[in-house]
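For reference, the structure discussed in these notes is given below.
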Amino acid sequence: MYIEDVHKYVGQEVIIAGWLYNKRSSGKIHFLLVRDGTNIIQCVVVKNECPEEVFNAYDDLTQESSIIVKGIVKEDKRSPLGYELLLTDLRIVHQAQDYPITKKEHGIDFLLDHRHLWLRSRRPFAVMRIRHEVIAAIRDFFNERGFVLIDTPIFTPTSVEGTTTLFETEYFGQKAYLTQSGQLYAEAAALAFGKVYCFGPTFRAEKSKTRRHLTEFWMVEPEVAYFDLDDDMKLAEEFVSYIVQRVLENRKMELEILERDTRHLERVSPPFPRITYDEAVDILRKNGVDFRWGDDFGGTDETIISNQFDRPVIVHRYPAEIKAFYMKRDPENEKLALAMDVLAPEGYGEIIGGSQREDDYDTLVKRLEEHQLPREPFEWYLDLRRYGSVPHAGFGLGIERTIAWICGLQHVRETIPFPRTIYRLNP
RNA sequence: UCCGGCGUAGCUCAAUGGUAGAGCGGGUGGCUGUUAACCACUAGGUUGCAGGUUCGAGUCCUGCCGCCGGAGCCA
């Protein structure tokens with residue numbers, strides 16, 4: 001029996017295998033908080049109402065000792081869960097010694113050094129279960145719409161965008177890099193399967209030190225043949241809304257543990273406001289930002305823009321110069337790229353970046369030259385424009401930033417079980 | 001890489017340049033409904049490292065190391 005099902009067993013004797021989360025006592029009555037991974041339940045041990053060795057086992061119980069308890073399920077308002085277990089038996093499987101994470105506050109550095117243990121605590125419990133829900137929602141969303149999952153390689157011969165710093169590895173005598181995006185491969189798959197998505201880890205070797213950055217993070221990237229930028233934006237807003245609504249429906253308890261104010265999340269439904277880059281620049285200038293047309297938005301700029309709206313906002317048609325070589329230009333203005341970003345509310349910044357892709361062979365060759373990228377490693381990519389090229393579009397959603405936003409967390413490092421940052425490779 | 005901040009008990013933090021302390025955790029004892037339980041007692045320290053100033057440095061100065069936050073870049 002797992003604690004999450006305890007309401008089905010009121011009045012019955014059940015067995016729970018778990019760990020001691022905390023204990024309290026008033027002398028002749030002990031309270032054990034036992035967790036089993038699905039929740040925490042209070043167990044009551046009363047002197048003279050259970051075998052003496054069960055009552056006395058309390059003295060040997062240390063925080064995070066593994067225990068198997070047997071008891072009668074009772075409904076009781078005084079218990080944090082609303083249900084508690086009146087113990088009849090208790091077996092210590094392993095006695096933990098000096099568990100380092102205590103009941104009082106800890107610093108983030110200490111907690112991350114003990115991440116393997118910190119995962120047992122209440123807060124990571126809630127965050128990881130929401131992460132699970134987000135990922136399940138992502139897969140369901142694409143499955144329901146007939147997308148095919150295409151796993152893209154993690155070892156790649158070259159950089160996708162040419163600008164970002166990548167992790168370099170030795171690959172049987174030649175250089176290889178850890179992927180920074182599965183997009184180019186997803187494009188190939190889209191021309192084979194129509195609607196596809198890839199979902200995997202992504203690596204950036206940039207020495208970013210902000211609450212929005214990890215060196216290893218997860219990204220989901222749909223790519224659809226015959227999609228234009230408008231189709232892309234529509235898919236993005238439906239996608240984000242679907243994820244948020246699923247978490248609201250299925251992870252109420254977890255959001256409560258995190259004390260997340262869900263009012264912002266409840267408003268997340270299509271359509272999202274859509275503004276052009278030019279309109280976003282106007283917003284910044286009206287708010288006193290000395291912004292130069294042609295620059296990309298910084299973290300504070302994104303916060304100012306997103307604060308104008310009550311749900312995520314889509315900014316589209318960015319200056320082509322600050323965007324990647326593969327993005328198609330706006331036929332009505334060659335200076336602009338058919339690109340779009342989704343900015344999350346409450347200052348969580350960019351969670352989606354996407355675009356319609358350049359599908360014309362000659363134009364794409366020109367773009368490679370403009371970006372001073374080598375032709376040879378992109379020959380296969382150019383093939384996609386040689387054989388049955390079609391308009392197509394896609395985007396990438398950063399999982400950790402999305403989770404940080406939904407959970408209301410200060411830093412993305414809490415959204416992944418074992419975060420990798422510039423100065424952290426352990427545990 | 002740049003800018004700012006921090007480093008004191010296992011943990012979270014105090015300590016005018018003048019005897020290094022509290023809470024939690026550990027140990028001992030008490031308590032029949034606790035909610036990070038509470039109460040009493042107790043053990044626990046090379047103040048990140050190396051120099052310097054001073055009668056005297058946790059505190060001031062220099063260098064180094066580690067971490068945190070921000071910027072740039074990005075999801």
Side-chain angles (χ1 to χ4, degrees), chain A residues 21-33 40 42-50 55 58-59 62-64 74 76-82 84 86 96-114 117-118 121-123 160-161 163-166 179-183 200-221 236 295-302 322-324 341-344 348-354 395-405 410-413 415-416 421-424:
Chain A
Y21 187 73
N22 194 9
K23 68 174 185 179
R24 301 183 268 267
S25 174
S26 292
K28 296 201 172 63
I29 180 167
H30 301 315
F31 299 95
L32 311 178
L33 290 177
I40 296 174
Q42 174 167 288
C43 301
V44 186
V45 193
V46 184
K47 194 172 173 74
N48 300 329
E49 291 182 32
C50 70
F55 184 82
Y58 178 88
D59 297 333
T62 52
Q63 200 187 352
E64 284 303 323
K74 305 245 176 184
D76 196 311
K77 289 198 184 95
R78 292 170 295 186
S79 172
L81 185 65
E84 63 185 17
L86 189 60
Q97 289 186 359
D98 298 326
Y99 186 70
I101 300 177
T102 61
K103 288 177 279 183
K104 280 267 174 157
E105 271 178 44
H106 294 282
I108 188 66
D109 198 39
F110 177 83
L111 288 172
L112 285 174
D113 280 341
H114 296 84
L117 303 176
W118 186 27
S121 297
R122 204 67 174 139
R123 199 176 152 82
V160 174
E161 320 235 341
T163 49
T164 43
T165 317
L166 304 185
T179 183
Q180 59 162 316
S181 166
Q183 183 206 310
T202 307
F203 308 89
R204 304 278 166 93
E206 247 124 27
K207 296 190 171 179
S208 299
K209 287 186 63 178
T210 83
R211 69 182 67 180
R212 301 184 305 279
H213 287 89
L214 298 168
T215 54
E216 178 182 313
F217 63 98
W218 286 66
M219 189 156 68
V220 55
E221 298 173 275
D295 286 348
D296 207 349
F297 304 129
T300 47
D301 299 327
E302 289 177 349
I322 54 170
K323 290 293 180 181
D341 285 355
V342 177
L343 307 182
Y348 282 94
E350 184 186 344
I351 54 171
I352 280 182
F395 61 80
L397 172 127
I399 300 299
E400 285 75 19
R401 284 188 185 177
T402 302
I403 296 166
W405 162 50
Q410 277 300 305
H411 200 300
V412 290
R413 66 190 161 204
T415 67
I416 189 166
T421 59
I422 166 171
Y423 294 127
R424 180 171 295 281

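Note on naming: letters A, B, ... go to the chains in the order of the sequence lines (proteins, then strands), and numbering restarts at 1 for each one.
- Here A:L214 lies in heavy-atom contact (under 4.0 Å) with a base.
- Under 4.0 Å is where a charged nitrogen must lie from a carboxylate oxygen, and between A:R424 and A:D109 at least one such pair does.
- Backbone-only contact: A:F110 has heavy atoms under 4.0 Å from sugar-phosphate atoms and none from a base.
- A donor-acceptor pair under 3.5 Å is absent between the side-chain atoms of A:R212 and the main chain of A:R401, judged by distance alone.
- A donor-acceptor distance shorter than 3.5 angstrom exists from the side chain of A:R204 to the backbone of A:Q180, with no hydrogens or angles considered.
- When the side-chain nitrogen and oxygen atoms of A:R211 are compared with OP1 and OP2 of B:G70, one or more of them lie within a distance under 4.0 Å.
- The NE2 atom of A:H114 sits 7.0 Å away from atom CD1 of A:I101, with the distance rounded to the nearest 0.5 Å.
- When the nucleotides B:C74, B:G33, B:G72 are ranked by their closest atom to the side chain of A:I29, B:G33 comes out on top.
- Screening A:Q410, A:R413, A:H411 against A:I108 for a side chain to side chain contact (heavy atoms under 4.5 Å, CB included) leaves a single residue, A:R413.
- For A:R78, the listed nucleotide lying nearest its side chain is B:G33; candidates were B:C74, B:G33, B:A71.
- For the OP1/OP2 pair of B:G69 and a distance below 4.0 Å, the side-chain nitrogens and oxygens of A:H411 include at least one atom meeting the criterion.
- Comparing A:D341 and A:R424, the nucleotide of RNA chain B nearest to each residue sits closer to the 5' end for A:R424.
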For every nucleotide of nucleotides 21-31 of chain B, 5' to 3': is a protein heavy atom under 4.0 Å from its base (B), only from its sugar-phosphate (S), or from neither (-)? --SSSS----B
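- Separating the NZ atom in A:K209 from the OG1 atom in A:T421 is a distance of 9.0 Å, to the nearest 0.5 Å.
- Contact annotation for A:E84: base contact, defined as any heavy-atom pair under 4.0 Å involving a base atom.
- In the interface, the side chain of A:H106 is not paired with the base of B:C11 through any donor and acceptor atom under 3.5 Å apart.
- In this structure, of B:U32, B:C74, B:A71, it is B:U32 that holds the atom nearest to the side chain of A:N48.
- Rounded to whole Å, the distance from CZ on A:R401 to P on B:C73 is 13 Å.
- The ring of A:F31 does not lie on top of the base of B:G33; it is either too far (5.5 Å or more) or too tilted (30° or more).
- Comparing B:C73, B:U34, B:U32 by their closest approach to the side chain of A:V46 singles out B:U32.
- The side chain of A:R24 lies closest to B:U34, out of B:G70, B:U34, B:C73.
- With a cut-off of 3.5 Å on both pairing distances, the Watson-Crick or G-U wobble partner of B:G23 is B:C11.
- B:G69: Watson-Crick or G-U partner is B:C3, with both key distances under 3.5 Å.
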